[in-house]
Each structure stands twice: as structure tokens, then as C-alpha cells.
Amino acid sequence: MALQWMILTYIVAAEAAIFFLISLPSPKLIRTRLVSLVSLILQPLMFVLPFAAFQLLDIYWKYEHRLMCTSEICTAAERDRYEKAIYKAQRNIILCITSCLLYWCIYRVCKYYKDLQNLEEVEKRYKKL
């Protein structure tokens with residue numbers, strides 16, 4: 001189970017780096033090449049959406065079927081373990097949501113640059129006429 005969260009953490013880090021790179025101001029040629037490269041990567045990277053959704057469903061199922069440790073019968077160690085599990089689940093929920101949000105941001109920025117490039121091409125054609 002920890003391997004899945006490690007993979008998702010690396011994916012979020014890679015998405016953040018990609019988003020940072022494409023959102024930096026850069027010369028037009030470099031930006032165009034970078035956006036076209038990222039656009040090619042977007043479709044295979046889309047697997048993160050069902051993966052994160054599955055992880056969210058897993059967290060929800062574990063939350064619904066978790067043993068509650070709120071009475072006086074629980075020992076301090078059991079209570080600490082319960083609280084640690086809750087904190088891990090909250091961290092993992094934030095990780096899943098962040099991965100989906102970063103994917104969407106990368107997609108929108110690439111779409112924006114492509115639309116802008118298409119509009120510039122149309123403008124060039126009209127100027128030639």
C-alpha cells in the first residue's frame with residue numbers, strides 16, 4: 001500500500017515540475033516546443049485520474065470500516081495509532097486531490113497555448129490577404 005502512495009507522490013512532484021516549467025515566461029520557440037512535448041505526455045499521464053479516484057475510494061472504504069477508538073477502554077498506544085491513521089488518510093486525500101488538480105491545470109495551460117498559437121496563425125493568414 002505504501003508503494004501506491006509513493007508512486008502518487010512522485011507523480012504529483014513531476015506534475016508540479018511540469019506545471020512550473022510551462023507556466024514560466026520563456027521565448028516563444030522554447031515555449032512552443034515545451035507545450036507540444038507536454039501535450040504528448042498528457043494522454044499517458046491521464047492514468048493518474050482513475051488511479052487517484054481508486055485511492056480515494058479505498059480511503060473512504062477504510063474510513064467507513066475502521067475500528068473506532070474513542071472510549072476509555074482504548075489504551076494510549078491504540079489511540080495514537082488511530083490518530084496516526086486518520087492523519088495519514090487526510091494527507092493521502094490531499095495528495096489525490098492535488099494530483100487531479102495539477103493534471104487539470106497542466107491540461108488547461110497547454111490548451112490555452114495551443115488556442116493562442118492557432119489564433120496567431122489565423123491572424124498571420126488574414127494579414128497576408
Side-chain angles (χ1 to χ4, degrees):
M1 191 64 180
L3 180 63
Q4 295 170 343
W5 296 113
M6 188 177 74
I7 290 170
L8 195 60
T9 303
Y10 288 144
I11 290 171
V12 168
E15 286 179 337
I18 290 170
F19 182 68
F20 181 72
L21 282 176
I22 64 173
S23 62
L24 279 177
S26 58
K28 187 176 180 179
L29 180 64
I30 294 174
R31 182 175 19 129
T32 305
R33 301 272 170 112
L34 189 62
V35 167
S36 65
L37 177 68
V38 171
S39 295
L40 292 173
I41 296 172
L42 274 177
Q43 190 165 1
L45 190 64
M46 193 169 150
F47 86 92
V48 76
L49 299 176
F51 184 69
F54 175 75
Q55 296 300 327
L56 283 173
L57 285 174
D58 185 46
I59 290 171
Y60 175 74
W61 186 84
K62 286 180 180 178
Y63 179 76
E64 288 295 319
H65 296 89
R66 182 175 314 218
L67 295 173
M68 295 295 181
C69 188
T70 56
S71 64
E72 293 84 22
I73 300 171
C74 296
T75 64
E78 289 174 339
R79 193 170 291 120
D80 287 342
R81 195 175 92 206
Y82 173 76
E83 288 177 3
K84 185 178 177 183
I86 293 292
Y87 291 138
K88 274 186 175 180
Q90 290 171 349
R91 179 200 63 201
N92 293 339
I93 288 171
I94 291 171
L95 194 62
C96 290
I97 291 171
T98 304
S99 68
C100 294
L101 184 65
L102 278 171
Y103 179 84
W104 179 79
C105 289
I106 292 169
Y107 171 77
R108 293 306 299 173
V109 167
C110 286
K111 185 171 176 8
Y112 168 74
Y113 281 135
K114 283 185 173 183
D115 290 345
L116 191 63
Q117 194 174 29
N118 289 339
L119 287 173
E120 287 174 353
E121 289 174 8
V122 168
E123 183 184 17
K124 284 180 183 178
R125 279 188 280 167
Y126 280 134
K127 283 186 177 180
K128 285 184 180 179
L129 295 177

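If you're wondering where the values come from, they're calculated on a predicted model, not measured in any experiment.
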Distance (rounded to the nearest 0.5 Å) between [X] [atom1] and [Y] [atom2]:
| X | Y | atom1 | atom2 | result |
| --- | --- | --- | --- | --- |
| Leu116 | Tyr113 | CG | OH | 8.5 Å |
| Gln117 | Thr32 | CD | OG1 | 5.0 Å |
| Leu8 | Leu3 | CG | CG | 11.0 Å |
| Leu95 | Gln55 | CG | CD | 9.0 Å |
| Tyr87 | Tyr82 | OH | OH | 10.5 Å |
| Ser99 | Ile94 | OG | CD1 | 12.0 Å |

Handout entry: Shortest non-hydrogen separation from Cys110 to Val38 and the atoms involved
Key =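 Scanning both residues, the minimum pair turns out to be SG-CG1, 3.6 Å.
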Exercise for the section: Locate the shortest heavy-atom distance separating Arg79 from Cys74; write the atom from each residue and the value. Expected result: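 Taking every non-hydrogen atom into account, NH2-O, 3.6 Å.
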Exercise for the section: State whether the number of non-hydrogen atoms from other residues, nucleotides or ligands found under 6.0 Å of Glu121 atom CD is greater than 12. Expected result: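 Counting neighbours around CD of Glu121, more than 12 heavy atoms of other residues, nucleotides or ligands fall under 6.0 Å, so yes.
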Practice task
Determine yes or no for a side-chain-to-main-chain donor-acceptor pair under 3.5 angstrom, with Asn92 supplying the side chain and Lys88 the backbone.
Solution key: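 Checking the backbone N and O of Lys88 against the side chain of Asn92, a donor-acceptor pair under 3.5 Å is found.
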Handout entry: Basic-acidic side-chain contact under 4.0 Å: Asp115, Lys111
Key =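 Yes, Asp115 and Lys111 are salt-bridged.
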Any non-hydrogen side-chain atom of [X] less than 4.5 Å from a side-chain atom of [Y]?
| X | Y | answer |
| --- | --- | --- |
| Cys100 | Phe51 | no |
| Gln90 | Ile86 | yes |
| Leu45 | Glu15 | yes |

Exercise for the section: List, by chain and then residue number, the residues other than Tyr126 in its hydrophobic cluster (Ile/Leu/Val/Met/Phe/Trp/Tyr, side-chain heavy atoms under 4.5 Å); write none if there are no others. Expected result: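 The other cluster members (ILVMFWY side chains, heavy atoms under 4.5 Å, direct or chained) are Val122, Leu129.
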Look at the side-chain heavy atoms of Ile, Leu, Val, Met, Phe, Trp and Tyr, link any pair under 4.5 Å apart, and say whether [X] and [Y] land in one connected group.
| X | Y | answer |
| --- | --- | --- |
| Phe54 | Leu101 | no |
| Leu57 | Ile93 | no |
| Met6 | Ile59 | yes |
| Leu102 | Phe47 | yes |
| Trp104 | Met46 | no |

Problem - Residues which pass salt bridge (Lys or Arg N to Asp or Glu O under 4.0 Å) with Glu83, listed by chain and number, not counting sequence neighbours - result: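 Applying salt bridge (Lys or Arg N to Asp or Glu O under 4.0 Å) to Glu83 gives none.
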Contacts table for residues 16-31: side-chain donor-acceptor under 3.5 angstrom, sequence neighbours left out:
| unit_1 | atom_1 | unit_2 | atom_2 | d |
| --- | --- | --- | --- | --- |
| Ser23 | OG | Phe19 | O | 2.8 |
| Ser23 | OG | Phe20 | O | 3.2 |
| Lys28 | NZ | Glu120 | OE1 | 2.9 |

